[in-house]
Amino acid sequence: TAAQNALLERWWTAFDDPALTALIEEAFANNLDLRGAFTRIDAARALLLLSQSNLAPSINLRGSAARSRDSQSTTQAIGQPSFGVGNNYGVGIEMSYELDVWGKYRSGALAATNDLYAARYYRETVRITVAADVAKAYFRLRAADALAMVLEDTKKSRTDTVALQRDRFEGGIIGEYDLRQAEAELSAIVADIARVRQSIGLLESALATLTGRSPRAVFTPEIARGASIEAATAVPQLPSGLPSGLLERRPDIRRAEAMLAASDLRVQQARTDYFPSLTLTGAYGTESAALSNLFTSPAIAWRF
């Protein structure tokens, strides 16, 4: 259904986390990999237009003006009169058209069309990958946040334990070993907190990179958090009744199919080079030694 398709296109909205949605939208707008994918589409579209142009005649407008002097030695040697210095002006239209008898250019145009499809599917593949990478990094960040909260609570408890054990040690109730053990447990928690803080910083930098932020923002990231930790742990349910052919919509599979079709068409195009080509050419214009006579009826010249 339309609702299912919309949910599959924007699956991250099922988590109902505004911060996650904002990060993914930011990545779609600024991610360099996605920008590169859009550039590939523009290049494929230009190549398609170029290949389609081979199916139409080539028409050129020609204009020329020349002043020359014939060699008297050459013209006298071959028994022709010498005309000395002269002018030559010309204006005309030239046309050439290669008949696509064997389907050479049709195959090339179809191959370029499949290349364009492949570029579009590549963009969708990158889009899905970017969204998945952002979501994965975001939820790992939220998990690190949750772990940091637990460790901070544990640190408070063990700090109280160390204070209690120190009082008992000073009162002669316990030995030094019990005090040092409590202090070691507190130090271990402090070390765990430092590692988690480092992990949080790396994840924030990764999200800043994925969203295409500036280098300064990557080194000093500010990543907003959305829903509470409890809400973030809820796993959304996929809608029931998904079509069995859902895997056929995967853009990476469709891109591979388009690239295979383009390669097959280019093989067909290469085979046509074994056969002769038939080209029609024609020209129509005027030529005259005097500029004033260039557009008169006697100056008309044509060939086919």
Sequence-distant partners of Thr39, side chain to side chain contact (heavy atoms under 4.5 Å, CB included), two or more places apart: none
query: Are Ile128 and Leu23 connected, step by step, through hydrophobic side chains (Ile, Leu, Val, Met, Phe, Trp, Tyr) whose heavy atoms are closer than 4.5 Å?
result: no
- prompt: Looking only at heavy atoms, what is the nearest atom pair of Val162 and Ala182, with distance?
  reply: CG2-O, 3.4 Å
- request: Applying side-chain contact (heavy atoms from CB on, under 4.5 Å), run through Asn31 and Thr211 and close with a yes or a no.
  value: CA-CA 5 Å; Asn31 186 269; Thr211 52; over 6 Å; no
query: Cut-off 3.5 Å, side chains only: do Tyr121 and Glu257 have a donor facing an acceptor?
result: no
query: Taking only residues two or more places apart in sequence, or in another chain, which ones meet Asp192 in a side chain to side chain contact (heavy atoms under 4.5 Å, CB included)?
result: Leu151, Ile189, Arg195
Among Gln181, Arg166, Arg168, side-chain contact (heavy atoms from CB on, under 4.5 Å) partner for Ile174: Arg168
- prompt: Heavy-atom distance under 4.5 Å between the side chains of Val267 and Ser263, does that happen here?
  reply: no
query: Do Phe28 and Leu207 share a hydrophobic cluster, counting only Ile, Leu, Val, Met, Phe, Trp and Tyr and linking them when any side-chain heavy atoms are less than 4.5 Å apart?
result: yes
- prompt: Roughly how far, to the nearest 0.5 Å, is the CZ atom of Arg142 from the CD1 atom of Ile200?
  reply: 10.5 Å
- line: Asp153 meets the side chain to side chain contact (heavy atoms under 4.5 Å, CB included) criterion, sequence neighbours left out, with none
query: Counting only heavy atoms not in Arg271, do more than 12 fall under 6.0 Å of its CZ?
result: no
- request: Please indicate whether Arg140 has more than 12 foreign heavy atoms, meaning atoms of other residues, nucleotides or ligands, lying under 6.0 Å from its CZ.
  value: no
Nearest atoms (heavy-atom pairs only) where Ser205 meets Val218: OG-O, 2.8 Å
- request: Provide the full list of ring-ring contact (aromatic ring centres under 6.0 Å, His included) pairs with a residue in residues 152-194, sequence neighbours left out, each pair given once.
  value: none
field: 4.5 Å side-chain heavy-atom contact, Arg213 and Ile223
entry: yes
query: Residues in side chain to side chain contact (heavy atoms under 4.5 Å, CB included) with Ser187, at least two apart?
result: none
- request: Assess whether atom OH of Tyr117 is packed by more than 12 heavy atoms of other residues, nucleotides or ligands within 6.0 Å.
  value: no
Side chains of residues 287-304: which donor-acceptor partners sit under 3.5 Å, not counting sequence neighbours?
residue	atom	partner	partner atom	Å
Ser288	OG	Ala290	N	3.1
Ser288	OG	Ala290	O	2.8
Thr296	OG1	Asn293	O	2.7

- request: With salt bridge (charged side-chain N to carboxylate O under 4.0 Å, His left out) as the test, would you mind laying out the steps for Arg197 and Glu152 before giving the verdict?
  value: CA-CA 11 Å; Arg197 292 299 179 191; Glu152 288 291 345; 3.7 Å; yes
field: Tyr122 vs Met259 side-chain heavy atoms within contact, under 4.5 Å
entry: no
message: salt bridge (charged side-chain N to carboxylate O under 4.0 Å, His left out), that's the test. Do Asp252 and Arg255 meet it? Break it down for me.
response: CA-CA 5 Å; Asp252 55 338; Arg255 174 173 178 257; over 6 Å; no
query: Would you say Leu141 and Arg225 make side-chain contact, with heavy atoms under 4.5 Å?
result: yes
task: Decide yes or no on side-chain contact (heavy atoms from CB on, under 4.5 Å) for Thr159 and Leu186, but give the supporting numbers first.
output: CA-CA 7 Å; Thr159 300; Leu186 176 60; 3.5 Å; yes
